[in-house]
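Below: one structure, written as structure tokens.
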Amino acid sequence: MCGIVGAVSQRDVEGILLEGLRRLEYRGYDSAGLATLNGEGNIHRAREVGKVAALADALAAQPSPGTIGIAHTRWATHGEPSQSNAHPHMSGERLAIVHNGIIENYQELRDQLRAEGYQFTSQTDTEVVAHLIEKFYRTEQDLFKAVTAAIGQLRGAYALAVLHADEPDRLVVCREGSPLVIGVGIGENFIASDQLALLPVTDRFMVLEEGDIADIRRDQISILDRNGEPAERDVNRFEHGQDAADKGEYRHFMLKEIHEQPAVIKTTMEGRLTDSHVLEQALGTEAGKLLEDVRHVQIIACGTSYHAGMVARYWIEELAGVPCSVEVASEFRYRKHVIQKDTLFLCISQSGETADTLAALRQAKKSGFRAALAVCNVPGSSLVRESDLVIMTHAGPEIGVASTKAFTTQLTALLIFTLALARHNGLTEEKEVEIVQALRQVPGQVAEVLALDADIQQLSEAFVDKNHSLFLGRGSQYPVALEGALRLKEISYIHAEAYPAGELKHGPLALVDSEMPVVTVAPNNDLVEKLKSNLEEVRARGGELFVFADREANVKTEDGIHVMQIPPVHPITAPIVYTVPLQLLSYHVAVLKGTDVDQPRNLAKSVTVE
Ligand code: HGA
């Protein structure tokens, strides 16, 4: 959340910063701003409420020339979205700063600084940091030293980039709890919250470690670690295609990412499966040894990743016979928890920077567990670096705030993991072959579902004038229903709730009438007959049903039931395939309602604040 970008170059950096912000806009989009140091040695700042396009318009009218600069796109945590709260924040006329994160002791510092004569023009926690650095600059007369001294007084999470007009050749940046990468150029260097922001100017990156502080100059990068020792960080090349931040032929990133699923699910399997087996070593050289003794799995995640974890619990208990618990990270981290002996602590996060998930992992380390496994989409992220085993999902950058390909690749990775674990727990060879073959068919089956797009678009018309909806599923399809409801509510703003279908008569049935569409996923598994009875319960109350059903499950379109037929899928892999029609449904409803599909209100991608 919040995106920061910065550049130290010999050329004008306004365009680089603006393009970086456009590419980071998925992280926050309530206001945007930029500060550059011009040829006369003065800082020029521009800030606008709303999206990056508003800032670009303002800059077109009044450009901000300069060869060094910082920029920010905001998702407010402290103070409403307004021009005065937008970043960069300044202390006086000579120091500018951009920040991603939250300073927890900002009120205390603000009171102190105010008593010392500093004046505040915003409600943000960030402005406190600007004044604090300025205060140390007065004695240190060196930006690096001033930033080092100031961060010694901060509690909370931050990635910062700081510019001082008296030191026109350097940016000072640091990181503690929020992501920050350095883009390495030739005769110029860059910083950003995410590599994507810098792809037009470089494909070589260094990932800063927690506690690092870096001095970025045109031709030199020096880093000190949290102990003040000089540190070397590896320079790696960006792995994914350069088109990641481009919508291509699609109207929205979400639609593009939905259609990428057959390809990326295949990539997630690559190198990890033969035609009949899972390759355990592909999960890490230590995987066999670590999985051997696992007696319990604790899954921790948030949002969509939490739903992936819920599906995985069904798989892990069914195929590996290992007890598995799943919990939302923000709950787990704030309660007294008991971690059983030989627990595998499994964290799922698209970005690998989800603040609550990371905090839960760090806390659990104190209580002890056998090993930590990360299922993640971003190489080099904090979660990846802090875990013993890693399964990268290889979904490629996901820009749409609504998660699509990240979820289905998480499921793919989790099923591969389950098979590896199950092998140590009595999974028969025959069953392994059956499931691996089923998994190999998933990309093709997802492609078949994508071909239903026009029909699903037609179905979506029934939702446009509705205010509420219900999603039902049974067994491992219950989390799929939860995910479907989350998608619909977050991008169309229609209230959507999901229930295990068997719970219907314990309350939610009271809500059912002709104004409440009920969406159900019905693969042909051993629960389908029970599900059909639940559908009759809805129909008998005048509810309108929208059922995505296996074409062999014998659910027919009739009065009050609209059935969309899905190709036959193995019951184990069904959650992956049945997610896709629900993604398309929510997408088309949102388009018809005219909402901002890729950047829905009040949300942001990659939740790096608590
Ligand atoms: N606390 C700062 C930055 C917010 C942020 O990083 N959001 O993800 C602010 O409110 O401006």
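Computed from heavy atoms alone, side chains included, the values below leave out hydrogens, waters and symmetry copies. We count ligands from 1, going down the list as the structure has it; atoms in each ligand are counted the same way.
Of all the atoms in ligand 1, the ones that sit under 4.0 Å from a non-hydrogen atom of His87 are 2 (C), 9 (C), 11 (O). Ligand 1 places these atoms under 4.0 Å from at least one heavy atom of His78: 1 (N), 10 (O). Applying the 4.0 Å criterion to heavy atoms of Thr126 picks out, from ligand 1, the atoms 2 (C). Within ligand 1, counting atoms from 1 as listed, the ones closer than 4.0 Å to a heavy atom of Asp125 are 1 (N), 2 (C), 9 (C). Listed by number with element, the atoms of ligand 1 under 4.0 angstrom from any heavy atom of Cys2 are 3 (C), 4 (C), 5 (C), 6 (O), 7 (N), 8 (O).
Smallest separation of non-hydrogen atoms from Leu163 and Ile70: CB-CD1, 4.2 Å. Nearest heavy-atom pair, Ser403 versus Glu398, reported as atom, atom and distance to 0.1 Å: OG-OE1, 3.1 Å. Between Tyr106 and Thr124 the shortest heavy-atom distance is CD1-O, 4.2 Å.
The backbone and the side chain of Asn100 each have at least one atom closer than 4.0 Å to an atom of ligand 1 (non-hydrogen atoms only). Counting heavy atoms under 4.0 Å from ligand 1, residue Thr77 touches it through both backbone and side chain.
Taking any N or O of His99, backbone or side chain, none lies under 3.5 Å from an N or O belonging to ligand 1. For ligand 1, none of its N or O atoms has an N or O atom of Asn85 under 3.5 Å away. Below 3.5 Å of separation, one finds no N or O of His72 facing any N or O of ligand 1. Polar contact with ligand 1: absent for Thr124 (N/O pair, distance under 3.5 Å).
Residue Lys405 forms a side-chain hydrogen bond (donor to acceptor under 3.5 Å, both in side chains) with just one option from His394, Gln350, Glu260, and that option is Glu260.
Annotation: cation-pi pair Arg110/Phe120 present, NZ/CZ under 6.0 Å from the ring centroid and within 45° of its normal.
When the heavy-atom distances from atom 3 (C) of ligand 1 to Pro81, Gly156, Gly101 are ranked, the shortest goes to Gly101. When the heavy atoms of Glu80, Arg74, His89 are ranked by distance to atom 9 (C) of ligand 1, first place goes to Arg74.
Residues Met254 and Thr404 have side chains in contact (heavy-atom distance under 4.5 Å, counting atoms from C-beta outward).
There is no side-chain donor-acceptor pair under 3.5 Å between Thr36 and Glu14.
Taking the six-membered ring wherever Trp is involved, the centroid distance between the rings of His337 and Phe332 falls below 6.0 Å.
Using cut-offs of 30° and 60° on the angle between ring planes, the pair Phe369 and Phe345 is parallel.
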